[in-house]
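Hydrogens, waters and symmetry mates play no part in the numbers below; they use all other heavy atoms, side chains included. Atoms within each ligand, like the ligands themselves, are counted from 1 in listed order.
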Amino acid sequence: MKQVKIHDKNFQLFIPYEKIRATIEKMAETMNNDLKEKNPLFLCILNGSFMFAAELFKRISLIQTEISFVKLASYRGDKTSGQVKQLIGLNEVIEGRTVVVLEDIVDSGLTIENIQGQLKLLNPREVLVATLLLKPDALIRDVKLDYVGMEIPNDFIVGYGLDYDGLGRNLIDIYSVANE
Ligand code: HPA
Ligand code: MG
């Protein structure tokens with residue numbers, strides 16, 4: 001079994017790249033059908049979603065479509081207070097547009113709820129959410145998810161853009177923390 005040690009933890013292979021790619025191909029196919037004529041603006045939530053966004057967006061076959069890259073930033077000093085983080089880097093006017101938020105993972109739902117709330121203040125036509133991964137057992141918010149790649153157990157994972165304290169984003173496969 002493929003294993004990798006990152007910081008103090010051992011991880012074992014959980015989702016091979018081939019499965020990730022096949023999942024994203026299916027998502028793209030559905031979105032190509034759903035989003036015709038909608039001129040969607042995809043919003044990649046950095047850092048974790050960059051690989052998913054690249055893999056998905058090159059399979060979006062619409063001509064009228066754009067992508068932009070945004071990030072959630074804590075104000076200085078707020079790090080430990082769990083306060084609402086501000087969405088930064090959005091330069092496009094989204095009023096009246098279909099926005100598709102691209103997330104690597106939804107677990108508690110707090111982050112995506114925060115993003116949806118901030119975007120809605122800018123009067124888009126609609127905010128859709130596409131997440132590669134969902135941990136249903138970790139959800140504490142009732143969030144509307146439009147496209148879900150895979151549901152996974154509530155175990156800590158790394159790879160394919162997801163990090164463990166900064167490391168592991170470059171792994172092409174997804175690894176799950178080993179129970180020792
Ligand atoms: N791994 C890395 N980042 C995450 C996870 C995870 O399991 N859940 C939410 N962010
Ligand atoms: Mg992280």
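- In terms of protein heavy-atom proximity, atom 10 (N) of ligand 1 is closest to I105 CG2, 3.8 Å.
- Side-chain atoms of D104 never come within 3.5 Å of backbone atoms of L162 as a donor-acceptor pair (strictly under, hydrogens ignored).
- Looking at K2 and Y175, their side chains come closer than 4.5 Å, going by heavy atoms from C-beta outward.
- By the salt bridge (charged side-chain N to carboxylate O under 4.0 Å, His left out) test, R125 is found to be paired with no residue, residues two or more places apart in sequence or in another chain being considered.
- Interface atoms of ligand 1 facing K135, defined by a heavy-atom separation under 4.0 Å, are 5 (C), 6 (C), 7 (O), 8 (N).
- The neighbour count for K38 NZ, taken as heavy atoms of other residues, nucleotides or ligands under 6.0 Å away, is above 12.
- Considering only non-hydrogen atoms, atom 1 (N) of ligand 1 lies nearest to I157 out of I157, I174, D104, L133.
- When the side-chain contact (heavy atoms from CB on, under 4.5 Å) test is applied to E55, the partners found at least two apart in sequence or on another chain are Y17, R21, I24, K58, R59, Y160.
- Counting non-hydrogen atoms of neighbouring residues, nucleotides and ligands closer than 6.0 angstrom, the CG atom of N33 exceeds 12 such neighbours.
- The ring pair (Phe, Tyr, Trp, His ring centres under 6.0 Å) test applied to F156 returns Y164, not counting sequence neighbours.
- By the criterion of a heavy-atom distance under 4.0 Å, the backbone of D163, and not its side chain, is placed next to ligand 1.
- Nearest protein heavy-atom contact of atom 3 (N) of ligand 1 is L162 CD2, 3.6 Å.
- Tally of protein N, O or S atoms closer to the Mg ion (ligand 2) than 2.8 Å: 1.
- Heavy-atom neighbours of E126 CD from other residues, nucleotides or ligands within 6.0 Å: above the threshold of 12.
- In this model, no donor atom of one side chain and acceptor atom of the other lie less than 3.5 Å apart for K85 and N114.
- Nearest protein heavy-atom contact of atom 9 (C) of ligand 1 is D107 OD2, 3.0 Å.
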